[in-house]
Peer 1: 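Below is a structure I'd like to ask you about.
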Amino acid sequence: MSRQRHFLIAGLGNFSYPDTRHSVGQTILESLARRFQVSLNHDRGVIGWIGETELDVSLKKGKGKIKEDQAAVEPTTSQRVSITLLKPKLLMNVSGKSISMAMRTKIRPANTRSVIVLHDSLEQRPLFISPKLGGSANGHNGVKSTIEALGSADFHRIRIGIGRDKSTDVSTYVLQSLSSKELRHWSDADGQGISDVWEAIEKIIVT
């Protein structure tokens, strides 16, 4: 019997500055925890808050389109996976240490491809997300710290759009609070924003 797959989902941010643009990854992680009724408990071993659950992820058999006159229903199956949610306590610039510790102690087998990092992105529009596998940190210090701590850039990221205000210094902009619209979008555990994030995570899991 094959081993059940196990994924680590980490939300980047500065926990002491909640619901700011730079901490939107942690806002979303907390919403995912509420969605799946996962308690996040402080764990000094990973320097953060962590919670675990098992979920059934639906799989569609076959990727081809079914013709309109085809009297067949595409069968579906489900895959049971283990999910560990992590909210690092460390500041953004050194948060990679927490992710590395969680991967090496909680995920079996430890594998960077089993890591999914949620983080803010200046390059995407607010309320939009953009999944990515590997590549550079693109100037994001939390992603840079994660690459250094894991010793690899070969992990999944879900970039959460926060936009960019060219009239405001970037360091000031990212530490400002999310707009009320953004906060509602990412704080509603059963809303469209978190559904979009979870759909992106499911695609990673079944790939």
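One is the number of the first residue; the rest follow in order along the sequence.
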Peer 1: Closest approach of S98 and I47, non-hydrogen atoms and distance?
Peer 2: OG-O, 3.4 Å
Peer 1: Enumerate the ring pair (Phe, Tyr, Trp, His ring centres under 6.0 Å) contacts for residues 131-181, please, sequence neighbours excluded, ordered by first and then second residue.
Peer 2: H22-H140, H119-H140
Peer 1: Could you tell me whether R80 and D56 make a salt bridge, using a distance below 4.0 angstrom between a side-chain N and a carboxylate O?
Peer 2: yes
Peer 1: I'd like to know if E199 and K203 make a salt bridge, using a cut-off of under 4.0 Å between side-chain N and carboxylate O.
Peer 2: yes
Peer 1: Quick one: do the S195 and Q192 side chains pair a donor with an acceptor below 3.5 Å?
Peer 2: no
Peer 1: Is it the case that the side chains of S171 and D169 hold a donor-acceptor pair, with the cut-off being a distance below 3.5 Å and no angle test?
Peer 2: yes
Peer 1: Within this structure, what is the OG1-NE2 distance for the pair T84 and H6, rounded to the nearest 0.5 Å?
Peer 2: 3.0 Å
Peer 1: Give a yes-or-no answer on whether the side chains of S167 and D165 include a donor-acceptor pair shorter than 3.5 Å.
Peer 2: yes
Peer 1: Distance alone, cut at 3.5 Å: any donor-acceptor contact between the side chains of S130 and R159?
Peer 2: yes
Peer 1: Evaluate the side chain to side chain contact (heavy atoms under 4.5 Å, CB included) criterion for residues D190 and D188: first the C-alpha distance (whole Å), next the side-chain angles of each, then the deciding distance (0.1 Å), finally the verdict.
Peer 2: CA-CA 5 Å; D190 297 311; D188 184 354; 4.1 Å; yes
Peer 1: Would Q26 and S23 count as a side chain to side chain donor-acceptor pair (under 3.5 Å) here? Give the steps.
Peer 2: CA-CA 5 Å; Q26 295 193 343; S23 295; 4.9 Å; no
Peer 1: Applying side chain to side chain contact (heavy atoms under 4.5 Å, CB included) to E54 and I83, what does each step give before you reach the verdict?
Peer 2: CA-CA 6 Å; E54 292 186 355; I83 299 290; over 6 Å; no
Peer 1: Could you go through the side chain to side chain donor-acceptor pair (under 3.5 Å) check for T27 and D19 one step at a time?
Peer 2: CA-CA 6 Å; T27 300; D19 298 331; 2.9 Å; yes
Peer 1: State plainly whether one hydrophobic cluster holds both L12 and I116, where clusters connect Ile, Leu, Val, Met, Phe, Trp and Tyr through side-chain heavy atoms under 4.5 angstrom apart.
Peer 2: no
Peer 1: Strictly below 4.0 Å, N to O, side chains only: are E52 and K106 in salt-bridge contact?
Peer 2: no
Peer 1: Between V38 and L118, is there a shared hydrophobic cluster once you connect ILVMFWY residues whose side-chain heavy atoms come closer than 4.5 Å?
Peer 2: yes
Peer 1: Closest heavy-atom contact between A102 and V46?
Peer 2: CA-CG1, 3.7 Å
Peer 1: Is there a donor in the side chain of S31 and an acceptor in the side chain of R35, or the other way round, less than 3.5 Å apart?
Peer 2: no
Peer 1: Salt-bridge test for E30 and K87: reply yes if a basic N is under 4.0 Å from a carboxylate O, no otherwise.
Peer 2: yes
Peer 1: When you check the side-chain N and O atoms of E148 and S145, is any donor under 3.5 Å from an acceptor?
Peer 2: no
Peer 1: Would V117 and I99 count as a side chain to side chain contact (heavy atoms under 4.5 Å, CB included) here? Give the steps.
Peer 2: CA-CA 9 Å; V117 174; I99 295 172; 4.2 Å; yes
Peer 1: So, taking the atom named CD1 in I9 and the one named CG in L85, what distance separates them when rounded to the nearest 0.5 Å?
Peer 2: 5.5 Å
Peer 1: Which heavy atom of M101 sits nearest a heavy atom of G45, and at what distance?
Peer 2: CE-O, 2.8 Å
